[in-house]
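Report on the following structure.
Only heavy atoms go into these numbers, but all of them, side chains included; no hydrogens, no water, no symmetry mates. Chain identifiers are assigned alphabetically (A, B, ...) following the order of the sequence lines, protein sequences preceding nucleic acid strands; residue numbering begins at 1 within each chain.
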Amino acid sequence: MSGTDKTPPTETEDKATEDRAPEAPEAPSRSHSLLREIASGNALAGVLAVVLAVAVGSLMIALTDEEVRETASYVFARPADFFNALWDAIWGAYTALFRGAVYNDRVDDFATQIRPLTETLKFAAPLIAAGLGVGLAFRAGMFNIGGRGQMLLAGAAAGWVAANVDLPTVVHLPLAIIAGMVAGALWAGIAGVLKARTGAHEVIVTIMLNYVGFYLVFFALSRQSLLQAPGSGNPKSAPAAETAVMPKILGDRFNLHLGFLLALVAVAIVWWLLNRATLGYRIRAVGENPHAARAAGIDVGRTYVVVMLIAGALVGLAGTNQVLGTVTSGVTVDLDAGIGFDAITVALLGRSRPLGILLAGLLFGAFKAGGFAMQASEGIPVDIVLVVQSLIVLFIAAPPLVRAIFRLPAKEAK
Amino acid sequence: MTTAGLTPAPAPTAGPVVDTVPVVSKKTPIIFGVLTVGMALILLFEGQSGETTFRLAARTDFVQLPELTVPTMAGAWTLTVVCALLTAESVRRYLARRRTPLWLLAVYAVAWMAAFLTWAAAGESVPVVGLLAGSIALAVPLVFGALGGVLGERSGVVNIAIDGQLLFGAFAAAMIGSVTGSPWVGLVAAMVAGALVALVLGLFAITYFVDQVIVGVVLNVLVIGLTSFLFSQVLAPNSESLNTPPRFPRVPIPVLGDIPLIGPVFFRQTAVVYLLYIAVALVAFALYRTRWGLRVRAVGEHPKAADTVGIKVNRTRYRTILVAGAVAGMGGAFYTLVSVPQFNREMTGGAGYIALAAVIFGKWDPIRATLAALLFGFASNLQGVLAVLGSPVPSQFMLMLPYVVTIFAVAGLVGRSRPPAADGVPYRKE
């Protein structure tokens, strides 16, 4: 799998979507192609994948619930007890999830009621930004698994600027964000350069860079001269200065910060880049077929490097989002909080399209916000969210499987 | 080293080749030179004083080897000179258009490592037996995982899910081992669990043509989620009945275990480790010396050609990855049935990715991958030992080593690492 640049992952991504009606890529009218996508059953497959994954999640919740197991022991004597317990467990879990992710009907004032929604947006922001980074690389036929390392490096760079530079907010915050994005870009760029120059497979290189980055940041965090907070013995940096913290966009009552708006801007920019810019055309051409792209005069190696630089900057944005917005008390090695890997699932569910990634990011942000609420109120471990997420991606990736399960007609029948 | 005998190298070094000039890589002498100069620079600028002691035997050993005490700087310089001589020999061989043989590489590695240890442990004593035995303990899951990876990839299925197989194996071994009270049943359960993950991988990668890297990554996440969820929901509340697996006892092999140095390191281990020795030999033998192995390799290199001569490509791939999953699952069992008698969330700590690194660094060859995994185990154990001794090298850089080495390996700086030709390509019959 390493070595030459054969079989870029997008090929399969496209295989997964091959049931789409044959169409010119990115038809001029968005609404038209959107309608066609829905009609061709692609969106349907996505929804069914989510349904299927949630069903499996429900099964797991039910099977591991104390009361369900107790009532199951006398299910033939009093079946009603069993089904009540089953219903309670599943219904309780999903209402808790909803209450934690969208709307809490158990409190009085409106602001507290919609607070979960803002939490969802807060969790979605880094997922969208990092998802764009992974998705963009997919479009060029590259698989960026290095989200974790890129976020760590970006967070470390942004955290260093935030804690050690003294500037007014207008300059300080942008400078910290840019520092983070540049660090992420450079870290991802290593994989791009190695692929372009030596043909080293980016999957292996980015996985390895995750660990190298982890230990590098860990090292910096345990040296006073580098990143560690002065006078501290813990591997943690000093908190970000006030001037470098992302402002809360809905006032201090909500945790939602500037990072979400930046993620939206990133979606717009990536959409423009992919669909309107020459570079985006090159990226897609290389992703579709690097040999044809090379024959057409596109510098494939350079495209790989540029794509990884941009992808790293986007993932880096997610890293700065964490350090300057969500957890401003200082950089730690846990700052990526699994987002680097979640981003892969976001990009896959969003089919590597900017708008799809936006929606997928919102969905997984809701899962995250709701998952923590579910753990707090129902005692269901938040890990169930990981299971559901990964199942969604598996089902999405294999449309024939979903079709077989739901006995949908194959594509010829449409 | 024993590898030369077991591995039929594709391009044999011996024997004159008619009409062709053998291409000899100059990378080995260059790397030797860089390492030697690096060692000399360390000694010049970061000199240490005092003496270094190497403890060659544990106190309970039958044969007591004397402790070896050397003056730090003199010892380190002597070994560096040995390294320089070996480098010169390697250069001489390169100029004579001959490859640097494996034994030279091994001697060089030992000499360099000894020089480094002598310098790093100045004023302390190095427990050589503990260092090596600990390396084996850390390397066992890596070797099992790497063997699973080699098998899968040789048949053309990229196995990123090694980590998932290790973790699920560890989980199953802990749970079934606790319930039945037998470590052997736990081991079998771990193999089944590993094979189960492989089966899902196969279903998506072989039957549904989903990108194998994607499936692998997602499967790892799925297994982390699944085991963590079940751990919190089921194992943690009932830890006496479900999460206290019996441990494999340490079984010293009668005569071999009494050999000084080698005995305590290799032959006073648990049954799982002995199974590992067998597994390595078996996989190497089966892959290169049996009809089954030939078919597996054919399917991985050129599935169409294999299909043409009547080999069932997808069936072969399924069988191979199921075996590979079972092997990797055994590595998972090592965590819960030998190391720590308890399952914990994410307890493999990404070891599967190091195993993957070992597969690539070992050039998709079972013996080389095993050696790579042992090297990585040694690096991480050395880090622990040096941390105790208070070495001048930051521990993070030692921990980083396997990953950096792998990046160099895939970038072709440490000899080209070429995967099987059809690795990662699903086979569609036309």
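- If you measure heavy-atom distances from B:Val218 to chain A, the contacts under 4.5 Å come from both the backbone and the side chain.
- Once rounded to the nearest 0.5 Å, the distance linking OH of B:Tyr353 with CD1 of A:Ile204 reads 10.0 Å.
- A:Tyr215 has its ring centre no less than 6.0 Å from the ring centre of B:Phe397.
- Here B:Thr320 pairs with B:Leu151, B:Ser155, B:Trp292, B:Val296, B:Thr316 under the side-chain contact (heavy atoms from CB on, under 4.5 Å) rule; sequence neighbours left out.
- Between B:Val213 and A:Ile145, the closest side-chain pair of non-hydrogen atoms falls below 4.5 Å.
- Across every non-hydrogen atom of A:Asp383 and B:Ser232, the tightest pair is OD2-OG, 3.9 Å.
- The structure places CG of A:Leu216 at 9.5 Å from CD of B:Gln396, a figure rounded to the nearest 0.5 Å.
- Exactly one of A:Ile344, A:Val203, A:Ile207 qualifies for a side chain to side chain contact (heavy atoms under 4.5 Å, CB included) with B:Val217. That residue is A:Ile344.
- Within the 4.5 Å cutoff, side-chain heavy atoms of A:Phe143 are placed close to those of B:Ile214.
- When heavy atoms are compared at a cutoff of 4.5 Å, B:Phe229 approaches chain A by way of both its backbone and its side chain.
- A:Val387 and B:Leu226 get closest at one heavy-atom pair: CG2-N, 3.4 Å.
- If you measure heavy-atom distances from B:Phe204 to chain A, the contacts under 4.5 Å come from the side chain alone.
- For A:Val205, the parts lying under 4.5 angstrom from a heavy atom of chain B are both the backbone and the side chain.
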Evaluation steps, side-chain contact (heavy atoms from CB on, under 4.5 Å), between B:Val221 and A:Thr345 = CA-CA 10 Å; B:Val221 178; A:Thr345 50; 5.7 Å; no
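- The part of B:Val234 that comes within reach of chain A is its side chain, from C-beta onward, which places non-hydrogen atoms under 4.5 angstrom from that chain.
- In this view, B:Gln233 and A:Thr64 satisfy the side chain to side chain donor-acceptor pair (under 3.5 Å) rule, not counting sequence neighbours.
- Residue A:Phe341 touches chain B through its side chain alone, counting heavy-atom pairs closer than 4.5 Å.
- When the candidates B:Leu222, B:Ile354, B:Val215, B:Leu219 are compared by the number of heavy-atom contacts under 4.5 Å with chain A, B:Leu222 comes out ahead.
- In this structure, B:Ile407 and A:Leu209 have side chains that are in contact, with non-hydrogen atoms separated by less than 4.5 Å.
- In this structure, A:Arg197 places its CZ atom where only 12 or fewer heavy-atom neighbours from other residues, nucleotides or ligands lie under 6.0 Å away.
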